[in-house]
There are 2 protein chains.
Amino acid sequence: MAHLPRYLQLLWGREPEGRRGPKPGRSIAEIGAAAVAIADAEGLDAISMKSVANAVGFTTMSLYRYVDSKDELSAVMVDVAYGPADLSYAPGQGWRERITRWAREISARRMAHPWTTEVRLASPPLTPNTIGWMESGLEALEDTPLTSQQRLSTLLAVDGWGQNHVRQTVQMGLTGPVDPDSPQGAYLELVGELVDAAAFPRLATAGPEALGDDDDAFFDEEFDHGLGLLLDGIEALIARSNSERVKGSGRH
Amino acid sequence: MAHLPRYLQLLWGREPEGRRGPKPGRSIAEIGAAAVAIADAEGLDAISMKSVANAVGFTTMSLYRYVDSKDELSAVMVDVAYGPADLSYAPGQGWRERITRWAREISARRMAHPWTTEVRLASPPLTPNTIGWMESGLEALEDTPLTSQQRLSTLLAVDGWGQNHVRQTVQMGLTGPVDPDSPQGAYLELVGELVDAAAFPRLATAGPEALGDDDDAFFDEEFDHGLGLLLDGIEALIARSNSERVKGSGRH
DNA sequence: GCCAACTGCTTGCGCTATACGCAGATGAGG
DNA sequence: CCTCATCTGCGTATAGCGCAAGCAGTTGGC
């Protein structure tokens, strides 16, 4: 049995019951919530052990009673930001509707806390909510004829693409109407200045066309396009899987 | 004409010609190469203004003659790590082979410098090589019947997914054979410990099966699966695009 | 030949994560 | 009931960080 880091013990409620000493003044959930509030309001750079500690009424060092490092605090923050995977699928829904709903919901949570995609996780996600969302995604694919291996790979692809889409959208500052005076607003101007039509002919024509006016809809449009590609790909995989099952059942 | 940040001027060779004062002792390419070498050897955390400056024979503050902030240095590092997009497509190749080759090549570059996916870019990529790779990707899709808008969206999806795949693989420590004593090696053990089969039935069956033995092949297998989904999705999009063109040419 | 513009260097500030030692509170074992 | 290991949160201290500001020396256009 491997040793569990403290933050995981706390998040999963795996503390030993017979404990001496004073009761902890705060819970890890409170600390996570406070940190999330700071990151939402002032960005990820505003997160420091001091700022979070002060927000819950601690001194800096007291935070280390709950979390062994800032990386662990980050993992807690992400888990709190995602929230529980309370997504129930109607029985009549097909896999396509289900996984679409899943992707939309988890993307909405990420967009509500855009800094989540910027956090550098040092280890694979092991926190309750992140694991819960994986489980929920697998549930969405349950009525497909895919193997559980294929389902996991597929979910990994959809989730990975979605996470990157949020990150890129946020990074490019296209989460809402674009202020032309902002660095992002000047992006097009800079691109036009740098991208010589002779050296980059395809980009020169496609770029302005894509990012032209309706920056507001960028996220949704690219979301639909990307997810559409993946869904059609899954459909093809399912079709292939079905035909193979019919063709030679048991063979190979 | 918007103002160009210094590092972009230097990267694109857009310096004013008549310049007084001493010649710069180093080029931005040298600085970038030195920083890349450090990050390759010791990781992204080993990158500081001091460490990079020392590597090129500068004191810390002299770096600011070339780069206005550490974020700009990061952008330069990523550009240098990607290298030029010198990918030529054989005339006989179809779009499927072409985009596969593109995705493989850019992923190989990222895997060669895994920290590139961990860098937090504050602005959209505007450096020569990153832009060059976008152009190259568009070239791969050139002989499709898609609009340039669709091509850009498609490339964005493929690139985003690929970048995330590298990041996740690196993050999970699955870039090679897994040492069971490492934190990543203990991952499965921890998952088994935390993931109650009652609470997470699907994950409990799929997880061990997927990450079980051949961790070495994780990157390639998931790469093929994800890219396969996207390619089939693109194929469906192209088929739809063709049939529509035939059905009602000119209408809408 | 002048002097503005540029080079790289030095000092210093405020901030960071976190190692370490502390007094007081608590509850299990004798 | 008392003891004391164990826990709480606090205060201090350290090494490193990015970067602002001012420095002397070098260069090339006027």
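Protein chains get the first letters and strands the later ones, always in sequence-line order, with residue 1 at the start of each. Values reported hereafter were calculated over all heavy atoms of this structure, with side chains retained and with hydrogens, waters and symmetry mates removed. Everything numeric in this text was worked out from a predicted model, so none of it was measured.
C:dC22 atom C1' lies 18 Å from atom OH of A:Y64, rounded to whole Å. In this structure, B:L63 places its CG atom 17 Å from C1' of D:dA21, rounding to the nearest Å. Note: CG (B:N54) to C1' (D:dG18) measures 15 Å, nearest angstrom. Atom CZ of B:R6 and atom P of D:dC19 are 13 Å apart (whole Å). The distance from atom NZ of B:K50 to atom C1' of C:dC9 is 15 Å, rounded to the nearest whole Å. Separating the CZ atom of B:R65 from the C1' atom of D:dA21 is a distance of 11 Å, rounded to the nearest angstrom. Here the P atom of nucleotide D:dA20 and the CE atom of B:M49 are 10 Å apart, to the nearest Å. Rounded to whole Å, the distance from CG on B:D68 to P on C:dC6 is 13 Å.
Interatomic distance, OH of B:Y64 versus NZ of B:K70, reported as 9.0 Å (0.5 Å rounding). The OG1 atom of B:T169 sits 10.5 Å away from atom CZ of B:R167, with the distance rounded to the nearest 0.5 Å.
Between the side chain of B:T117 and the main chain of B:P114, a donor-acceptor pair closer than 3.5 Å is present.
Under the 30°/60° scheme for interplanar angles, the aromatic rings of B:H165 and B:F223 are found to be tilted.
Where A:S62 and B:K23 meet DNA chain D, the nucleotide closest to each residue was compared, and A:S62 sits on the side nearer the 5' end.
A centroid separation of 6.0 Å or more is found between the aromatic rings of A:Y82 and A:H113.
Backbone-only contact: B:F58 has heavy atoms under 4.0 Å from sugar-phosphate atoms and none from a base. Base contact: B:T59 has a heavy atom under 4.0 Å from a base atom. Among the heavy atoms of the strands lying under 4.0 Å from A:T60 is at least one base atom, whether or not backbone atoms are also near.
The side chain of B:K70 lies closest to D:dG18 when the candidates are D:dG18, D:dT8, C:dT7. In the set C:dG8, D:dC17, C:dA17, D:dC17 carries the atom at the smallest distance from any side-chain atom of B:S48.
Side-chain nitrogen and oxygen atoms of A:Y66 include at least one within less than 4.0 Å of the OP1 or OP2 phosphate oxygen of D:dG9.
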